[in-house]
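Worksheet: the structure to be examined is printed underneath.
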There are 2 protein chains.
Amino acid sequence: MTETRVERKERTRRAILDAALHLCEDSSLVALSLRQVAKEVGIVPTAFYRHFESIEALGLALVDESFVSLRAMLRDVRRGEGAADGFAGIVDSSVSILVEHVHQQRQHFRFIARERAAGPPSVREAIRHEIELCERELATDLARLPGTEQWSGEDLRVLSNLIVTAMVATAESILTASGRPDVERQLAENARTQLRMVLIGAMQWRSRP
Amino acid sequence: MTETRVERKERTRRAILDAALHLCEDSSLVALSLRQVAKEVGIVPTAFYRHFESIEALGLALVDESFVSLRAMLRDVRRGEGAADGFAGIVDSSVSILVEHVHQQRQHFRFIARERAAGPPSVREAIRHEIELCERELATDLARLPGTEQWSGEDLRVLSNLIVTAMVATAESILTASGRPDVERQLAENARTQLRMVLIGAMQWRSRP
DNA sequence: CCTGAGAGTGCACAGTCGTTCACCGAAGCA
DNA sequence: TGCTTCGGTGAACGACTGTGCACTCTCAGG
């Protein structure tokens with residue numbers, strides 16, 4: 001036996017997380033039963049409690065995990081912005097990275113999109129908080145862009161909220177359009193257009209005193 | 001007895017719809033049981049089938065009903081646009097009307113926001129379709145605005161998608177911020193700023209040939 | 001080597017679930 | 001007036017739910 005005990009435990013924990021993620025693909029956390037998860041994992045229902053004290057706790061763990069994926073995406077986006085030249089380049093690369101990550105981490109994005117609106121209150125709150133953090137990060141990024149020197153912090157936050165909202169919506173449409181590459185390409189192109197429109201508006205913007 | 005039979009039936013049907021709407025306030029359709037609804041209404045579970053063949057069918061009825069509210073809002077918005085002078089006026093009145101309607105029809109907006117992401121597939125599809133219709137309507141409205149004469153139909157749709165997305169997000173935040181008037185006022189102000197930013201961007205926009 | 005911790009088992013419980021069926025009683029039509 | 005239609009009833013079913021408890025077996029540490 002080359003597997004230590006904590007490794008075994010971790011493996012089962014992962015299996016539970018994966019099973020929940022899989023079962024959540026076409027339902028919601030609030031409609032997910034402990035016994036379904038246990039059956040999917042291949043353990044007895046009561047063994048579930050060795051890892052999580054409730055489905056809700058499982059949900060919070062999944063939120064943490066999902067936002068690790070999401071932050072990895074933001075990191076890639078930032079890297080792309082550094083490399084790209086001009087606004088058009090930033091927009092193109094950012095949307096491409098979004099599409100790519102949505103594909104690679106489909107389950108995580110799907111989970112967030114669904115539970116953001118329908119999950120247990122604590123899960124909703126956790127997701128809301130994480131997204132707010134993302135908006136804050138984006139706001140500080142935007143502050144470094146040329147043309148925003150005179151902006152108020154307030155306006156930066158409002159703009160980044162708009163951008164995040166649009167990108168979340170784009171991710172959601174890509175998820176529902178999954179499997180039709182032409183539709184997806186169109187959605188990505190639309191997202192690029194929207195980003196360009198918003199940035200053009202932003203360039204003209206002057207914060208009120 | 002001054003109540004005819006079809007009236008009685010309609011009254012029960014309404015009671016079922018209201019009960020479902022009420023129970024959905026802090027859960028989701030997929031986690032809603034036929035028996036809960038029946039108990040809330042005060043009828044026996046099997047009587048439910050006299051009105052709907054399943055919870056899913058109930059959901060579709062609620063979608064129809066909710067979008068009646070939503071279209072009433074759009075009608076008010078359009079009327080406000082006719083009266084208002086200038087972009088600023090249009091933006092101000094539109095957001096005010098949105099806030100007002102979200103308050104008046106809280107349950108309908110909450111239902112749509114939740115089931116849009118988490119409902120049964122058919123319900124999600126129905127909501128998606130209705131929202132797309134709204135986007136189409138908005139696109140034709142935008143086409144009448146000065147400055148959009150040269151726009152492609154494509155770009156009009158993309159812009160209206162952006163606006164609808166932002167407004168849906170605003171409605172959702174207002175719903176979660178419910179009860180804190182200062183927070184709500186701030187959200188409304190942010191929505192106005194976002195709309196202005198977008199419209200400024202749109203004014204500069206020229207569709208590619 | 002012995003012992004204790006702890007992941008996983010098996011059974012049992014009291015509820016709840018959707019759905020079936022036969023039935024009732026009053027409204028509506030002839 | 002009598003007959004039909006139909007919204008609502010009540011019991012019953014088999015399946016599924018979360019959770020408690022006593023148990024086993026095995027790995028890790030003294």
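Model, not experiment: these values are computed from the prediction. Every chain is numbered from 1 and lettered A, B, ... according to where its sequence line falls, protein lines coming before strand lines.
Residues passing the side chain to side chain donor-acceptor pair (under 3.5 Å) test with B/S122, sequence neighbours excluded: B/E56. Under the side chain to side chain contact (heavy atoms under 4.5 Å, CB included) criterion, A/V44 pairs with A/T46, A/A47, not counting sequence neighbours. In terms of the salt bridge (charged side-chain N to carboxylate O under 4.0 Å, His left out) criterion, A/R75 has no residue partners (sequence neighbours excluded). Residues meeting the salt bridge (charged side-chain N to carboxylate O under 4.0 Å, His left out) test with A/E100, sequence neighbours left out: none. Take A/T165 and apply the side chain to side chain contact (heavy atoms under 4.5 Å, CB included) test, not counting sequence neighbours, and it matches A/N161, B/T165, B/A169. Every residue was checked against the side chain to side chain donor-acceptor pair (under 3.5 Å) condition with A/S54, not counting sequence neighbours, and none meets it. Under the salt bridge (charged side-chain N to carboxylate O under 4.0 Å, His left out) criterion, A/R5 pairs with no residue at all, not counting sequence neighbours. Residues satisfying the side chain to side chain donor-acceptor pair (under 3.5 Å) test with A/R11, not counting sequence neighbours, are A/E3. Contacts of B/D26 classified as salt bridge (charged side-chain N to carboxylate O under 4.0 Å, His left out), with partners at least two apart in sequence or in another chain: none.
For DNA chain C, the residues of residues 50-59 of chain A within the heavy-atom distance limit of 4.0 Å (strictly under) are A/R50, A/H51, sorted by number. Residues from residues 19-40 of chain B lying near DNA chain C, meaning a heavy-atom separation below 4.0 Å, are B/S33, B/L34, B/R35, B/Q36 in numerical order.
An OP1 or OP2 oxygen of D/dG8 is reached within less than 4.0 angstrom by a side-chain nitrogen or oxygen of B/T12. Phosphate proximity of C/dA27 to B/T4: absent, as no side-chain N or O sits under 4.0 Å from OP1 or OP2.
A/Y49 places its OH atom 12 Å from the P atom of D/dT17, with the value rounded to the nearest Å. A straight line from NZ of A/K9 to C1' of C/dG6 spans 8 Å, rounded to a whole angstrom. Per the geometry, CZ belonging to A/R8 stands 10 Å off P belonging to D/dA28, to the nearest Å. Between the CD1 atom of B/I43 and the C1' atom of D/dG10 there is a distance of 14 Å, rounded to whole Å. In this structure, B/F48 atom CZ and D/dT9 atom P are separated by 15 Å, rounded to whole Å. Between the P atom of C/dA26 and the CZ atom of B/R5 lies a distance of 12 Å, rounded to the nearest Å.
B/E130 pairs with exactly one of B/R124, B/R71, B/R116 by the salt bridge (charged side-chain N to carboxylate O under 4.0 Å, His left out) rule, that one being B/R71.
Summary of helix geometry: the two end axes of the helix from C/dA5-D/dT26 to C/dA30-D/dT1, each defined by five base pairs via their C1' atoms, are inclined to each other by 10° (rounded to 10°).
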Mind running side chain to side chain contact (heavy atoms under 4.5 Å, CB included) on A/E65 and A/L62 for me, showing each step along the way? CA-CA 5 Å; A/E65 186 177 285; A/L62 285 175; 4.3 Å; yes
